[in-house]
Q: 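One structure is given below, represented as structure tokens, and several questions about it will come after.
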Amino acid sequence: MTLILGIDPGSRKTGFGLIDSVGAKTEYITSGIIRLPEGPLPERLKIIFDSLSTIIEQYHPVSMAIEDIFFARDPRAALKLGQARGAAIVAGVNGGLAVAEYAARSVKQSVVGNGAATKEQVQYMVTRLLHLPSAPAEDAADALAVALCHARTLVTTANMVTRIHYSRGRMKSLPAGQDKQGSGIK
């Protein structure tokens, strides 16, 4: 059991999604949106930090995945987004979580199969992949997509590590179905 907390940061709304990942199987735990009131940015950042800290304390995830900054037309918006990401990352690190960052295109490619997918396509695939009765809100769906991307990355990395060995100083990959001892049992 690996609980993964996905975050879609924002200075107005921050989406979160929690999934349980066991190998290639994933199960929906919870998701939602932290809606931030109008007001000074430092107060909104505190709400992000406090809210995510509470979620971490309640569910005890082992890792957190967060969407990386994209290039925006408005530099001020990009700075605010970066600060919201920072508040979320500090909440994760403060909670003892390993934190991974993924570009939005990588998340969409992992979940939808298209790095330029629309928000509606992400919602649709998250709903299908997690067997949800209805589509979550956009920001929550994006956060769940980030968590799914991280879960898939963990599975791929684990598969790669178990299929690699060194012989005569060179890295070799093992044939499918064969472990490092050559017994064929994984």
Q: Take Asp20 and Thr26 through the test side chain to side chain contact (heavy atoms under 4.5 Å, CB included) and record every step on the way to the result.
A: CA-CA 6 Å; Asp20 184 12; Thr26 54; over 6 Å; no
Q: Return the set of residues passing side-chain hydrogen bond (donor to acceptor under 3.5 Å, both in side chains) with Ser31 (not counting sequence neighbours), or none when no residue passes.
A: Tyr28
Q: Side chain to side chain contact (heavy atoms under 4.5 Å, CB included) for Ser11 and Leu41? Distances and angles first, verdict last.
A: CA-CA 8 Å; Ser11 62; Leu41 183 61; 4.3 Å; yes
Q: Over all heavy atoms of both residues, which pair between Gly17 and Leu144 is shortest? Give the atoms and the distance, please.
A: CA-CD2, 3.6 Å
Q: Among all residues two or more places apart in sequence or in another chain, which pass the side-chain contact (heavy atoms from CB on, under 4.5 Å) test with Val90?
A: Phe49
Q: How many angstroms lie between CZ in Arg44 and CD1 in Ile34, if you round to the nearest 0.5 Å?
A: 13.5 Å
Q: So how far is it from Leu3 CG to Leu97 CG, rounded to the nearest 0.5 Å?
A: 10.0 Å
Q: Restricting to side-chain contact (heavy atoms from CB on, under 4.5 Å), what partner residues turn up for Leu79, sequence neighbours left out?
A: none
Q: For residues Leu18 and Pro61, report the shortest heavy-atom separation together with the two atoms involved.
A: CD1-CB, 3.9 Å
Q: Can you pull out every ring-ring contact (aromatic ring centres under 6.0 Å, His included) where at least one residue sits in residues 73-120? Sequence neighbours excluded, please.
A: Tyr102-His150
Q: So which residues get pulled into Ile33's cluster when ILVMFWY side chains under 4.5 Å apart are joined, directly or through others?
A: none
Q: Under a 3.5 Å distance rule, please check whether Thr153 uses its side chain to pair with a backbone N or O of Cys149 as donor and acceptor.
A: yes
Q: For residues Ile7 and Ala88, report the shortest heavy-atom separation together with the two atoms involved.
A: CG2-CB, 4.1 Å
Q: Does one hydrophobic cluster hold both Ile19 and Val111, with members joined at side-chain heavy-atom distances below 4.5 Å?
A: yes
Q: Could you list all the ring-ring contact (aromatic ring centres under 6.0 Å, His included) pairs where at least one residue sits in residues 6-25, not counting sequence neighbours?
A: none
Q: List for me each residue that meets salt bridge (Lys or Arg N to Asp or Glu O under 4.0 Å) alongside Asp8, sequence neighbours excluded, and say none if there are none.
A: none
Q: Who pairs with Gln121 by side-chain contact (heavy atoms from CB on, under 4.5 Å), at least two apart in sequence or on another chain?
A: Val112, Ala117, Thr118
Q: For residues 46-59, pull every pair meeting side chain to side chain donor-acceptor pair (under 3.5 Å), keeping only residues two or more places apart or in separate chains.
A: Lys46-Asp50
Q: Would you compute the distance between atom CD1 of Ile66 and atom OG1 of Thr14 and round it to the nearest 0.5 angstrom?
A: 8.0 Å
Q: Give me the atom names and distance for the closest heavy-atom approach of Ala84 to Gly10.
A: CB-O, 3.6 Å
Q: Kindly give the heavy-atom pair with the smallest separation between Lys108 and Gly115, and that separation in Å.
A: CD-O, 3.5 Å
Q: State, with a plain yes or no, whether a side-chain heavy atom of Lys13 is found less than 4.5 Å away from one of Leu36.
A: no
Q: Take Leu5 and Ile55 through the test side chain to side chain contact (heavy atoms under 4.5 Å, CB included) and record every step on the way to the result.
A: CA-CA 9 Å; Leu5 176 61; Ile55 291 166; 4.2 Å; yes
Q: Under the side chain to side chain contact (heavy atoms under 4.5 Å, CB included) rule, what do Met64 and Ile4 come out as? Steps first, then yes or no, please.
A: CA-CA 6 Å; Met64 182 174 95; Ile4 300 170; over 6 Å; no
Q: What pairs meet the salt bridge (charged side-chain N to carboxylate O under 4.0 Å, His left out) rule with one or both residues in residues 23-40, with sequence neighbours excluded?
A: Arg12-Glu38
Q: Looking only at heavy atoms, which two atoms of Ile56 and Gly95 are closest? And how far apart?
A: CG2-CA, 4.2 Å
Q: Mind checking the CG-CD1 spacing from Leu52 to Ile47? Nearest 0.5 Å is all I need.
A: 11.5 Å
Q: Check residues 124-138 and write down every donor-acceptor pair under 3.5 Å in which the side-chain atom is one partner and the other belongs to a residue at least two apart or another chain.
A:
{"from": "Thr127", "atom 1": "OG1", "to": "Gln123", "atom 2": "O", "distance (Å)": "2.7"}

Q: Just grab all the salt bridge (charged side-chain N to carboxylate O under 4.0 Å, His left out) pairs involving residues 84-107, residues at least two apart or on different chains.
A: Asp68-Arg85, Arg85-Glu101
